[in-house]
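To start, the structure under review is shown below, and the notes come after it.
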Amino acid sequence: MKIYADNAATTKMSEKAIEAMMPFWRDIYGNPSSPYEMGQKAKAALEDARRRAAAVLNCEAREIYFTSGGSEADNQAIISAARLGVKNGKKHIISTTFEHHAVLHTLDKLKGEGFEIELLDVHSNGVVTGDEVANAIREDTALVTVMYANNEIGTLQPIREIGAVCREKNVLFHTDAVQAIGHVSVDVDRDNIDMLSLSAHKFHGPKGVGILYARKGINLFNIIEGGGQERGKRAGTENLPGIVGMVTALEDAAKGIEEYRNKLLPLRDKLIAGLDRIPFSELNGDREKRLPGTVNFCFEGIEGESLFVLLDGKGISASSGSACTSGSLEPSHVLLAIGRTPQSARGSLRLSLSDDVTEEEIDYLILSVEEAVRQLRNV
Ligand SMILES: *Cc1c(COP(=O)(O)O)cnc(C)c1O
């Protein structure tokens with residue numbers, strides 16, 4: 001049996017998204033900035049994609065900026081808020097200890113420029129609260145950035161509540177929603193979000209394309225300088241095939257979100273229950289407040305790296321958590337943030353499902369992990 005259980009790292013593209021992209025390589029390959037017919041057709045498709053994305057997120061088309069992915073959107077959102085903060089004498093930024101490195105490394109850079117970065121501790125269940133954010137906000141807070149769902153352990157944050165706190169205190173609020181979009185319902189208006197990052201390849205769209213949503217009135221700072229694309233805020237010829245593929249996958253995911261949840265929740269919980277039965281195993285993150293497809297466990301006394309090798313041999317693609325840090329022997333910063341010891345954190349396994357997973361595959365996953373853990377503990 002072959003099971004791809006690393007959908008939090010990236011996903012298989014949907015056939016529909018692939019089909020939607022083809023004409024923009026083969027026929028309508030004009031530059032959206034060109035004045036003649038083929039360019040204008042491309043431009044029309046680009047603006048149509050922008051309107052469709054805005055409809056899914058519940059915002060205006062002019063609040064959508066196409067980027068090269070989640071990392072770029074995170075960088076631009078945070079740096080923009082920092083530059084705006086400086087203008088208003090605000091140099092304090094609030095985030096959490098378990099953000100993605102696209103956020104944490106950008107904050108590190110700002111720290112080097114004299115910003116005060118306050119990273120809130122995450123509870124052992126992998127959640128921060130609105131109250132904690134409220135208590136940390138000061139007169140000189142330029143930005144709060146808290147991820148919608150964690151990429152390693154899958155926990156969901158109370159984003160609507162955090163957004164409400166920020167709005168009440170008049171502080172900009174950004175969320176890295178890369179793991180959430182297409183997996184849970186997200187609405188920038190309902191959730192009180194000022195800026196949001198998403199990435200197509202995490203919901204069956206193409207790699208190398210994403211969106212930064214920025215509420216109107218927020219003056220973005222350019223990360224990439226050049227032509228006047230994206231309302232002058234993001235230079236570079238638009239990746240039109242990618243953008244069309246992304247929006248197709250985005251609409252599909254949004255339309256099927258209830259069905260997705262109803263199908264995956266029982267399978268996810270069966271997987272959790274099965275892995276729970278392995279001796280000296282512990283689920284990472286809250287049992288309920290989590291994505292429908294992401295499960296992360298620590299198994300005492302084993303090395304995660306050896307576990308993936310054994311699982312790979314059984315046809316299972318899985319990881320310790322973050323694709324960016326796997327291969328290094330550093331324990332995951334996310335697992336340390338929720339209070340795991342470095343030793344325990346090294347024995348972690350993330351299984352992230354897609355909604356084409358079957359019950360037989362869940363049984364096979366449980367059995368394979370059980371076997372592999374037993375085998376590793378015996379040596
Ligand atoms: C994957 C991921 C990113 C990076 O997105 P890219 O499009 O790969 O740059 C950022 N944040 C989170 C939470 C992610 O899971």
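Just so you know, ligand 1 is whichever comes first in the structure, and atom 1 is the first atom listed for that ligand. The structure presented is a predicted model; accordingly, all values stated were derived computationally and were not measured.
Contacts between Ser71 and ligand 1 below 4.0 angstrom, taking non-hydrogen atoms only, involve backbone and side chain alike.
Summary of contacts: the protein heavy atom closest to atom 7 (O) of ligand 1 is Ser199 OG, 2.6 Å. The single protein non-hydrogen atom nearest to atom 11 (N) of ligand 1 is Asp176 OD2, 2.6 Å, given as residue, atom name and distance.
Nearest to atom 3 (C) of ligand 1 by heavy-atom distance, out of Met147, Glu99, His100, is His100. Across the listed options Gln179, His201, Glu72, Gln179 owns the non-hydrogen atom lying nearest to atom 15 (O) of ligand 1.
Backbone and side-chain nitrogen or oxygen atoms of Gly70 are examined, and one is located within less than 3.5 angstrom of a nitrogen or oxygen of ligand 1. Here's the thing with Ser68: none of its N/O atoms is less than 3.5 angstrom from an N/O atom of ligand 1.
Below 4.0 Å from some heavy atom of Gly69 lie the following atoms of ligand 1, by number and element: 7 (O). When each atom of ligand 1 is checked for a heavy atom of Lys202 under 4.0 Å away, the hits are 1 (C), 2 (C), 3 (C), 14 (C), 15 (O). If you number the atoms of ligand 1 from 1 as listed, the ones under 4.0 Å from a heavy atom of Asp74 come out as 10 (C), 11 (N).
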* salt bridge (charged side-chain N to carboxylate O under 4.0 Å, His left out) assessment of Glu282 paired with Arg340 -> CA-CA 10 Å; Glu282 243 179 317; Arg340 295 282 181 230; 3.4 Å; yes
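The structure places OG of Ser197 at 9.5 Å from CD of Gln76, a figure rounded to the nearest 0.5 Å. Considering CG of Asn150 and CD of Glu99, their distance stands at 8.0 Å, rounded to 0.5 Å.
When the options Leu351, Val369, Asp363 are evaluated for a side chain to side chain contact (heavy atoms under 4.5 Å, CB included) with Leu271, the one that passes is Leu351. With His92 as the partner, the side chain to side chain donor-acceptor pair (under 3.5 Å) test is satisfied by one option alone out of Glu118, Glu139, Glu116: Glu118. Of the candidates Glu63, Glu230, Glu238, Arg50 forms a salt bridge (charged side-chain N to carboxylate O under 4.0 Å, His left out) with just one, namely Glu230.
A donor-acceptor pair shorter than 3.5 Å can be found between the side chains of Tyr148 and Asp191.
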